[in-house]
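To keep things clear, I will list the structure first and then write my remarks on it.
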Amino acid sequence: MAERTLRGARLGGQSFEDERGIEFAARQQIGYACTQGHEFEITMSVEADVPGIWECPRCGAEARSTAGIEHVAKAEKPARTHWDMLLERRSEKELEDILKERLELLRGGEIGPAHLHRGKKRKTPA
């Protein structure tokens with residue numbers, strides 16, 4: 001067993017593969033400058049959609065492209081609320097009927113927290 005172990009290598013160490021024969025993707029350097037006066041460059045693929053705004057790595061402020069690339073705001077759809085999702089499945093009339101039914105059950109002690117109706121006895125029809 002001991003002769004099969006790999007000596008001199010550590011976990012997570014280095015790759016023993018060389019870079020011969022590997023063709024890297026074409027890259028470009030995009031310059032940005034923030035409002036605090038910091039300038040930096042980001043390496044991106046030539047095929048990438050280059051953003052007009054990037055977060056400054058030094059101060060976190062908004063940095064604009066020095067190459068004149070304009071920021072394009074994406075159209076965001078409004079957030080759907082729980083009410084919107086309910087209205088997709090049921091009409092307001094149906095929801096009102098369900099609410100009335102559940103309130104009657106709750107007030108009658110058939111549903112809800114046990115401490116609210118534990119001591120109550122149900123009325124039995126005579």
Side-chain angles (χ1 to χ4, degrees):
M1 181 74 94
E3 61 262 4
R4 285 191 269 157
T5 60
L6 186 61
R7 293 182 184 208
R10 57 183 181 245
L11 290 177
Q14 58 220 2
S15 171
F16 295 111
E17 296 180 17
D18 59 6
E19 296 178 0
R20 280 184 267 148
I22 297 174
E23 188 176 322
F24 292 104
R27 301 175 189 174
Q28 63 181 338
Q29 293 291 113
I30 308 297
Y32 290 92
C34 77
T35 55
Q36 304 292 323
H38 304 129
E39 293 186 7
F40 58 96
E41 289 187 335
I42 302 291
T43 304
M44 294 186 190
S45 169
V46 172
E47 300 170 1
D49 291 331
V50 179
I53 295 177
W54 196 273
E55 183 179 315
C56 177
R58 294 178 82 191
C59 65
E62 203 174 76
R64 297 202 173 270
S65 170
T66 57
I69 300 167
E70 291 298 317
H71 175 65
V72 179
K74 293 181 181 177
E76 294 181 20
K77 56 183 181 180
R80 284 178 29 195
T81 63
H82 186 68
W83 180 247
D84 294 332
M85 290 184 257
L86 272 175
L87 289 178
E88 288 175 7
R89 295 190 307 263
R90 300 185 189 270
S91 69
E92 284 194 47
K93 174 71 175 124
E94 284 178 298
L95 291 171
E96 286 174 9
D97 292 343
I98 292 170
L99 178 62
K100 280 182 193 174
E101 179 185 318
R102 300 305 285 181
L103 284 173
E104 286 174 11
L105 290 173
L106 182 63
R107 289 178 181 137
E110 296 180 42
I111 62 169
H115 72 278
L116 293 178
H117 54 81
R118 184 172 286 153
K120 296 180 183 175
K121 303 243 183 194
R122 283 195 177 172
K123 296 178 186 175
T124 55

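Side-chain atoms are counted along with the backbone in the values below, which use heavy atoms only and exclude waters and symmetry mates. Predicted model, so just to flag it, every value in this text is computed and none were measured.
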Rounded to the nearest 0.5 Å, what separates atom [atom1] in [X] from atom [atom2] in [Y]?
{"X": "Arg89", "Y": "Leu95", "atom1": "CZ", "atom2": "CG", "value": "9.0 Å"}
{"X": "Ile98", "Y": "Lys93", "atom1": "CD1", "atom2": "NZ", "value": "11.0 Å"}
{"X": "Leu99", "Y": "Glu104", "atom1": "CG", "atom2": "CD", "value": "10.0 Å"}
{"X": "Gln29", "Y": "Glu41", "atom1": "CD", "atom2": "CD", "value": "5.0 Å"}

Can you establish whether the number of heavy atoms outside Glu88 located under 6.0 Å from its atom CD is more than 12?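 Counting neighbours around CD of Glu88, more than 12 heavy atoms of other residues, nucleotides or ligands fall under 6.0 Å, so yes.
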Give a yes or no on this: more than 12 heavy atoms of other residues, nucleotides or ligands lie within 6.0 Å of atom CD of Glu47.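 Not more than 12 within 6.0 Å, no.
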[Y] backbone acceptor or donor facing [X] side chain under 3.5 Å:
{"X": "Asp84", "Y": "Thr81", "result": "yes"}
{"X": "Glu62", "Y": "Cys34", "result": "no"}
{"X": "Thr66", "Y": "Gly31", "result": "yes"}

Beyond-backbone contact of [X] with [Y], side-chain heavy atoms, under 4.5 angstrom:
{"X": "Pro57", "Y": "Tyr32", "value": "no"}
{"X": "His38", "Y": "Cys59", "value": "yes"}
{"X": "Gln36", "Y": "Arg58", "value": "no"}

Least distance between heavy atoms, [X] atom then [Y] atom:
{"X": "Met44", "Y": "Ala48", "result": "CB-CB, 4.5 Å"}
{"X": "Leu106", "Y": "Gly112", "result": "CD1-CA, 3.8 Å"}
{"X": "Arg64", "Y": "His71", "result": "NH1-CB, 4.2 Å"}
{"X": "Glu55", "Y": "Gly60", "result": "CG-O, 3.6 Å"}
{"X": "Ile30", "Y": "Ser65", "result": "CG2-OG, 4.4 Å"}

I'd like to know if [Y] and [X] are part of one continuous hydrophobic network [Ile/Leu/Val/Met/Phe/Trp/Tyr, side-chain heavy atoms within less than 4.5 Å].
{"X": "Ile53", "Y": "Phe40", "answer": "no"}
{"X": "Leu105", "Y": "Leu103", "answer": "no"}
{"X": "Trp54", "Y": "Val50", "answer": "yes"}

